[in-house]
Amino acid sequence: MEMTTISFTYLDSEEIDPLEAPFQPSNGKNIPLFGKPIEIGHFSIDAKRKIHFDKSQMKYLIPFWKIRDFNFDLNKNFSTDVIHNYVTINKMYQILYWLKYHKHILQPKSAEATMKTSCVDFVTGRGTLSLISCTPYLKECLRNQWELCATKYNGIIYLSLVDSDIDIAEEETASDRKKRFQSWGYKFEQYITTDHIDGNPDLSSATHQLEEYNVILKNVLNKHSLLYKAEMDAVIPHRGFTDGSGDTSCYTEIKTSRIKTSSVDQYKFHKYKAIMWWTQSYFAGISEIICGNRTIQGIVKSIDIHRVSALPEEARGLWSPDVCLNFCDKFLTYLKRVVTEDDYNVVYKFNYRSGDIVYSSKLINPENRYRIIPEWYKRAMEE
C-alpha cells in the first residue's frame with residue numbers, strides 16, 4: 001500500500017508549524033479512540049425543505065422476502081421527479097437550527113464554566129468527517145479536491161464543507177445524464193423503503209429527493225468531542241428499534257453500484273467506493289449497507305448486503321481504516337491550533353487540491369457561501 005504524507009501550510013501573518021508526523025498506517029498501538037456514536041436527537045426535512053423536530057421522514061426497509069422481482073428501473077418517473085440542487089452550507093445550517101432549540105446540549109456540566117466553555121469541541125456533519133478521513137487516498141479518486149471552512153464561536157469550532165468554484169461550475173453544467181445518475185440512488189430507496197412498518201413502497205412521489213431524515217450524534221475521536229448530524233436512509237424493522245436508546249445499529253445505508261463483471265470493476269469498487277461507504281457508515285455507527293447492483297442503463301438486477309466491518313479486509317490493502325482515523329484525528333488537532341480567534345465573523349478556510357498539502361487562510365467578514373455562523377444563530381445563542 002502506497003504511503004501518503006500530507007502537510008499543512010497556513011497562509012497568514014502568523015506562522016503555524018506543520019503537523020510533525022506523516023500519516024502512516026498504524027502499527028495497531030496508536031489507533032485513535034473512536035467511540036460508539038450516540039443518537040441524541042433527530043429532525044425531518046419535508047418536500048418544501050422545512051425542518052420538523054419529528055420522525056415524519058423516517059423510512060423502513062422492506063423485508064427482502066416481500067420483493068418478488070429484483071428488476072427495478074431506476075429511470076422510472078425521472079422526467080417528473082423534482083431534482084434538488086444541494087447547497088452544502090445549507091446542510092450545516094440544519095444542525096445549527098436544531099441547536100437553536102436544543103442549546104442546552106452545548107452547556108458544560110460544571111457550574112463554574114465560562115460562557116466560552118463547552119462540552120463539545122466540534123460541531124459538523126458526518127459528510128465532512130468522512131471526506132477528511134478519506135483525504136490520504138483522494139489523489140486518484142473522482143473527488144480529489146475539497147474546500148472547508150471553520151469558525152470558533154463560544155469555544156466550539158464549527159466545521160463544514162463548502163461549495164468551491166469547481167463544485168459550483170460542475171453543478172451548473174451538469175448534463176442530463178449526470179443528473180439521471182444522481183437520481184438513481186434516490187429511486188432505489190423508493191423501491192425498497194416504506195413510510196410505515198409492513199407498508200408498501202410508493203413510487204408516485206416526485207419530491208423524494210427533497211425529503212430527509214437526520215439524526216444528531218455525539219461521539220469522541222481521541223481527545224476530540226464531536227457533535228454532528230447524519231442523514232439516515234432507513235430503519236431495519238427487525239433490529240428492535242428502541243426510541244431514545246441512542247443506538248444507531250438499527251439504521252442502514254442504501255446505495256447502488258454498477259454490476260461488477262471483471263476484476264477491474266472489483267478493483268475500482270474496493271479502491272474508490274468502499275472507502276467512502278466505510279467512513280460514512282462507521283461515523284454513523286451503521287453495520288450494514290444495502291447495495292442495488294445495477295446495469296449501465298439503470299436497472300437493478302440484484303441486491304447485496306455489505307458488512308461495514310468487512311469492507312477494509314475486502315479492500316486488501318488498498319486503504320486502511322487506521323490511516324483514515326489517524327488523519328482525521330491529527331487534522332482536528334491541527335484545527336484546534338489554527339482556529340483560535342473566537343469570533344463568529346472570522347472564518348478559517350482550508351483547501352485541498354489533489355496533492356500533499358492542505359492550505360489554510362483566515363477570512364475576515366467572508367462572503368455568505370463561506371460564512372459558518374449566521375446572524376440568527378448568534379442571536380439565538382445569546383438569548
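Atoms considered below: every heavy atom in the structure, side chains included; atoms not considered: hydrogens, waters and symmetry mates. One is the number of the first residue; the rest follow in order along the sequence.
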To the nearest 0.5 Å, atom CD1 of I166 lies from atom CH2 of W146 at 13.5 Å
With sequence neighbours excluded, residues passing side-chain hydrogen bond (donor to acceptor under 3.5 Å, both in side chains) with E341 | K362
CZ (R353) with more than 12 external heavy atoms under 6.0 Å = yes
Yes or no on side chain to side chain contact (heavy atoms under 4.5 Å, CB included) for Q57 and M232, after CA distance, side-chain angles and deciding distance?
-> CA-CA 10 Å; Q57 295 300 332; M232 295 298 189; over 6 Å; no
Of all the heavy-atom pairs spanning G199 and T194, show the shortest one and how long it is.
-> O-CG2, 3.2 Å
Under the side-chain hydrogen bond (donor to acceptor under 3.5 Å, both in side chains) test, residues paired with N365 that sit two or more places apart = none
Can any side-chain N or O of D342 pair as donor or acceptor with the backbone N or O of N154 at less than 3.5 Å?
-> yes
Evaluate whether atom NZ of K76 has more than 12 neighbouring non-hydrogen atoms of other residues, nucleotides or ligands under 6.0 angstrom away.
-> no
Heavy atoms of Y213 and H42 approach each other most closely as OH-CB, 3.2 Å
Any donor and acceptor pair, going by atom type alone, linking the side chain of D329 with main-chain N or O of N326 inside 3.5 Å?
-> no
Is there a donor-acceptor pair under 3.5 Å between the side chain of Q190 and the backbone N or O of S205?
-> yes
Closest non-hydrogen atoms of E253 and E231, given as atom of the first, atom of the second and distance, are OE2-O, 4.0 Å
Does atom NZ of K268 have more than 12 heavy-atom neighbours from other groups under 6.0 Å away?
-> no
Those residues at least two apart in sequence (or on a different chain) that pass side-chain hydrogen bond (donor to acceptor under 3.5 Å, both in side chains) with S249 are D247
When clusters are formed by joining ILVMFWY residues with side-chain heavy atoms under 4.5 Å apart, either directly or through shared neighbours, do L210 and I45 land in the same one?
-> no
Shortest non-hydrogen separation from Y137 to S320 and the atoms involved = OH-N, 3.0 Å
Determine, step by step, whether I289 and W278 satisfy the side chain to side chain contact (heavy atoms under 4.5 Å, CB included) criterion, reporting the C-alpha distance in whole Å, the side-chain angles of both residues, the deciding distance to 0.1 Å, and the verdict.
-> CA-CA 9 Å; I289 299 170; W278 179 83; over 6 Å; no
Taken in chain and number order and not counting sequence neighbours, the residues that satisfy ring pair (Phe, Tyr, Trp, His ring centres under 6.0 Å) with H102 are F53, W98
Is there a donor-acceptor pair under 3.5 Å between the side chain of N214 and the backbone N or O of K229?
-> no
Spacing of CG belonging to L138 relative to CD1 belonging to I132, to within rounding of 0.5 Å | 11.0 Å
Going only through I, L, V, M, F, W and Y residues with side-chain contacts under 4.5 Å, is there a path from F64 to F188?
-> yes
Side-chain atoms of residues 171-178: list all donor-acceptor pairs with protein atoms under 3.5 Å, sequence neighbours left out, distances to 0.1 Å.
| unit_1 | atom_1 | unit_2 | atom_2 | d |
| --- | --- | --- | --- | --- |
| T173 | OG1 | A169 | O | 2.8 |
| S175 | OG | K178 | N | 3.2 |

Before giving the answer on side chain to side chain contact (heavy atoms under 4.5 Å, CB included), spell out for M381 and I156 the whole-Å C-alpha distance, their side-chain angles and the decisive distance to 0.1 Å.
-> CA-CA 12 Å; M381 292 297 105; I156 302 170; over 6 Å; no
Between S281 and K255, is a side chain to side chain contact (heavy atoms under 4.5 Å, CB included) present by the stated rule, with each step listed?
-> CA-CA 11 Å; S281 300; K255 305 286 190 182; over 6 Å; no
So how far is it from I372 CD1 to S160 OG, rounded to the nearest 0.5 Å?
-> 5.0 Å
With distance as the sole test, does T279 use its side chain to make a donor-acceptor pair with the main-chain N or O of M276 at under 3.5 Å?
-> yes
Closest approach of G185 to T256 (non-hydrogen atoms, all atoms of both residues) = CA-CG2, 4.2 Å
Examine distances only and state if a side-chain atom of T248 and a backbone atom of A284 form a donor-acceptor pair shorter than 3.5 Å.
-> yes
So, the side chain of N219 versus the backbone of L226: is there a donor-acceptor pair under 3.5 Å, distance only?
-> no
For K103 and A380, indicate whether the former's side chain and the latter's backbone hold a donor-acceptor pair under 3.5 Å.
-> yes
Using ring pair (Phe, Tyr, Trp, His ring centres under 6.0 Å) as the criterion, point out the one residue from Y377, F122, Y344 that pairs with Y158.
-> Y377
Determine, using the 4.5 Å side-chain heavy-atom cutoff (strictly less than), whether I290 and L203 are members of one ILVMFWY cluster.
-> yes
Flag yes if more than 12 heavy atoms outside E367 fall under 6.0 Å of its CD atom; otherwise flag no.
-> yes
Test: D165 and R369 ion pair at under 4.0 Å = yes
hydrophobic_cluster_shared for I296 and I299, side chain cutoff 4.5 Å = no
Approximate separation, where rounding is to 0.5 Å, of N368 CG and R371 CZ = 6.5 Å
T252 side chain to I236 main-chain N or O, any donor-acceptor pair under 3.5 Å?
-> no
Can you measure from CG (L335) to OG (S360) and round to the nearest 0.5 angstrom?
-> 8.5 Å
Test item: T340 side-chain N/O and K336 main-chain N/O as donor-acceptor pair under 3.5 Å = no
Please round to the nearest 0.5 Å and tell me the distance separating atom CG of L61 and atom SG of C250.
-> 12.0 Å
Are V87 and I168 grouped together when hydrophobic residues (ILVMFWY) are joined by side-chain heavy atoms under 4.5 angstrom apart?
-> no
Looking at residues at least two apart in the chain, or sitting in another chain, which of them share a ring pair (Phe, Tyr, Trp, His ring centres under 6.0 Å) with F34?
-> Y282, F283
Under the side-chain contact (heavy atoms from CB on, under 4.5 Å) rule, collect the residues that match up with T124, sequence neighbours excluded.
-> T128, L129, L159, Y228
Hey, can you tell me if Y334 and F350 have their rings parallel, tilted or perpendicular (30° and 60° cut-offs)?
-> perpendicular
Please, which pairs that meet salt bridge (charged side-chain N to carboxylate O under 4.0 Å, His left out) have at least one residue in residues 182-198, sequence neighbours excluded?
-> K59-D195, D81-K187
Kindly check if the number of other-residue, nucleotide or ligand heavy atoms within 6.0 Å of NZ (K223) is above 12?
-> no
Write out all pairs satisfying salt bridge (charged side-chain N to carboxylate O under 4.0 Å, His left out) with one or both partners inside residues 286-307, taking only residues at least two apart or from two chains.
-> R239-E288, E288-R307
Residues in ring pair (Phe, Tyr, Trp, His ring centres under 6.0 Å) contact with F72, at least two apart in sequence or another chain | Y191
Go through the steps to decide whether H224 and T333 satisfy the test side chain to side chain donor-acceptor pair (under 3.5 Å), and finish with yes or no.
-> CA-CA 8 Å; H224 312 298; T333 300; 3.1 Å; yes
Not counting sequence neighbours, which residues clear ring pair (Phe, Tyr, Trp, His ring centres under 6.0 Å) with H306? List them please.
-> F269, W277
With sequence neighbours excluded, residues passing side-chain hydrogen bond (donor to acceptor under 3.5 Å, both in side chains) with N75 | D73, R180, W184
Looking only at heavy atoms, what is the nearest atom pair of G292 and V300, with distance?
-> CA-CG1, 4.0 Å
